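All remarks here apply to the structure that follows.
All of these numbers come straight from a predicted model, not from anything done at the bench.
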Protein chains: 2
Amino acid sequence: MSKTTPLDAAEQSIRLTGAKLTRPRVLVLSVLLKSERALTHHEVESRLPAGSDVNRVTIYRVLEWLTEQGLAHKIAGEDRVWRFNAAAHQHTGPHAHFECSDCGQVLCLEPVQAKPAVRLPAGFRQQAVELTVKGVCADCGPVHGKSRGHGRHQH
Amino acid sequence: MSKTTPLDAAEQSIRLTGAKLTRPRVLVLSVLLKSERALTHHEVESRLPAGSDVNRVTIYRVLEWLTEQGLAHKIAGEDRVWRFNAAAHQHTGPHAHFECSDCGQVLCLEPVQAKPAVRLPAGFRQQAVELTVKGVCADCGPVHGKSRGHGRHQH
DNA sequence: CCTATTTTTGCAATTGAGTTGCATTTATGG
DNA sequence: CCATAAATGCAACTCAATTGCAAAAATAGG
């Protein structure tokens with residue numbers, strides 16, 4: 001009953017795509033799997049095991065590839081920076097994200113039940129609905145009393 | 001009962017801010033007012049009257065300024081390009097956008113009635129909800145029968 | 001195990017939206 | 001008309017992301 005580590009999970013998922021199993025792919029995917037929120041390219045880079053020495057461009061390409069394979073999900077934030085999260089965290093149906101207007105962090109929210117019907121102009125075809133809640137995350141918000149000692153802003 | 005032109009409307013709105021009434025501001029705002037959809041910086045630039053000769057940077061700055069003044073609204077698209085539309089088109093309440101996955105065009109949709117309640121994690125504060133419908137716009141969609149003769153894609 | 005073949009990587013250079021510093025010009029108040 | 005604060009124009013810059021191409025893996029087949 002050994003728990004599967006993110007690394008194992010990553011390796012497994014990548015094998016299933018039929019493409020080559022490479023170190024950068026495994027490492028990047030396992031970084032995504034370990035995070036509960038969507039990560040920027042830089043965040044992924046800095047969370048790679050020390051000395052992994054994976055090229056910047058390779059990270060971009062792996063991230064892109066993971067998205068194509070459906071193993072990751074790509075989110076455009078207000079700061080024009082892509083963020084990625086592992087598809088394991090994905091919900092189907094209408095997708096909801098939270099975006100912090102202070103630090104820019106993005107995370108997936110529970111799927112919404114009441115999918116609001118939107119009226120599209122004639123000739124328009126709907127493919128997906130995305131709901132983004134903007135606000136302030138716990139780290140950036142006003143600390144009333146509790147004083148959690150971190151609050152690292154990213155801007 | 002002479003109809004107010006976009007130019008007049010633009011001039012009026014800008015006067016009301018109390019700031020200087022300048023040619024670039026009037027021209028840019030009137031371009032936004034004339035468009036029913038959100039425009040990128042480049043679209044604004046190319047729609048300025050021939051020979052207006054307004055600097056690229058000035059357009060950025062005017063667009064930014066209009067947003068600060070509440071005269072325009074800034075939207076981040078999947079293609080990491082800002083789009084702006086005149087605030088006259090704005091609705092209050094939960095905001096809905098349509099984004100074409102083909103040409104990237106963004107436009108405002110009628111406000112949604114059923115604001116879906118989303119459950120945020122503890123410590124998170126909600127400021128705004130934005131609903132984005134992704135799909136294919138009339139110009140990019142399959143032309144079944146009608147054959148409208150334009151369909152200019154932008155990618 | 002070794003080699004052929006195809007993918008991936010790494011590196012360097014490039015793109016393109018958006019920004020900044022600073023000198024010059026312009027709108028407006030007196 | 002003049003002073004002056006505010007905008008503009010210009011050039012250079014930032015920074016995420018992309019591209020071309022040669023070098024380096026990863027699998028398939030022997």
Side-chain angles (χ1 to χ4, degrees), chain A residues 10-29 31 38-46 48-49 51-69 71-72 74-84 103-106 154-155, chain B residues 10-29 31 38-46 48-49 51-69 71-72 74-84 103-106 154-155:
Chain A
E11 195 174 318
Q12 177 109 355
S13 299
I14 291 167
R15 265 190 220 291
L16 289 178
T17 68
K20 287 190 180 174
L21 181 72
T22 65
R23 210 169 56 89
R25 284 176 178 172
V26 176
L27 292 176
V28 169
L29 180 51
V31 164
L39 301 179
T40 64
H41 164 265
H42 279 303
E43 290 172 326
V44 169
E45 188 169 23
S46 68
L48 287 173
S52 325
D53 214 51
V54 179
N55 189 279
R56 220 167 58 76
V57 177
T58 301
I59 298 177
Y60 276 115
R61 286 196 277 229
V62 168
L63 251 13
E64 198 59 41
W65 178 83
L66 288 171
T67 304
E68 280 163 20
Q69 301 304 312
L71 295 175
K74 196 178 178 181
I75 309 163
E78 284 285 314
D79 55 4
R80 312 189 327 116
V81 172
W82 291 117
R83 284 177 173 75
F84 299 82
C103 69
Q105 113 164 230
V106 175
Q154 300 177 348
H155 275 174
Chain B
E11 195 173 317
Q12 178 110 356
S13 299
I14 290 167
R15 264 189 220 292
L16 289 178
T17 67
K20 287 190 181 176
L21 180 72
T22 65
R23 210 170 54 90
R25 284 176 177 172
V26 175
L27 291 176
V28 169
L29 180 53
V31 164
L39 301 179
T40 64
H41 165 264
H42 279 303
E43 290 171 326
V44 170
E45 188 168 22
S46 68
L48 288 173
S52 325
D53 213 51
V54 179
N55 189 277
R56 215 169 61 79
V57 178
T58 301
I59 297 176
Y60 276 115
R61 285 196 277 229
V62 167
L63 252 12
E64 198 59 43
W65 179 82
L66 289 172
T67 304
E68 280 163 20
Q69 300 304 312
L71 295 175
K74 196 178 181 181
I75 309 162
E78 283 288 310
D79 54 2
R80 312 190 328 115
V81 172
W82 291 115
R83 285 177 172 74
F84 298 82
C103 68
Q105 116 163 223
V106 175
Q154 301 177 347
H155 273 175

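- With rounding to whole Å, A:Glu64 atom CD is found 10 Å from D:dT18 atom C1'.
- Here B:Gln69 pairs with B:Thr17, B:Trp65, B:Leu71 under the side-chain contact (heavy atoms from CB on, under 4.5 Å) rule; sequence neighbours left out.
- The overall bend of the helix from C:dC1-D:dG30 to C:dG30-D:dC1, read as the angle between its terminal helix axes built from five base pairs each, is 30° when rounded to 10 degrees.
- Going from atom CD of A:Glu78 over to atom P of D:dA16 covers 17 Å, rounded to whole Å.
- Residues that satisfy the side chain to side chain donor-acceptor pair (under 3.5 Å) test with B:Glu64, not counting sequence neighbours, are B:Lys74.
- Rounded to an integer number of Å, the gap from A:His42 NE2 to D:dC15 P is 9 Å.
- For A:Thr22, the side-chain contact (heavy atoms from CB on, under 4.5 Å) criterion is met by A:Lys20, A:Pro24, A:Arg25, not counting sequence neighbours.
- The nearest heavy atom of DNA chain C to B:Leu21 and to A:Asn55 marks one nucleotide each, and the one closer to the 5' end goes with A:Asn55.
- Atom pair A:Asp79:CG and D:dC15:P shows a separation of 14 Å (rounding to whole Å applied).
- The distance between atom NZ of A:Lys74 and atom P of D:dA16, rounded to the nearest whole Å, is 15 Å.
- Residue contacts for A:Arg56: at a heavy-atom cut-off of 4.0 Å it reaches a base atom on one of the strands shown.
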Listing time: all N or O pairs from protein to nucleotides 20-25 of chain D that are below 3.5 Å?
from: D:dG20; atom 1: O6; to: A:Arg61; atom 2: NH1; distance (Å): 3.4

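- With a heavy-atom cut-off of 4.0 Å to chain A, the contacted part of DNA chain C has its first and last nucleotide at C:dT6 to C:dG18.
- Across all strands, B:Trp82 comes closer than 4.0 Å only to sugar-phosphate atoms, never to a base (heavy-atom distances).
- With rounding to whole Å, A:Tyr60 atom OH is found 12 Å from D:dC15 atom P.
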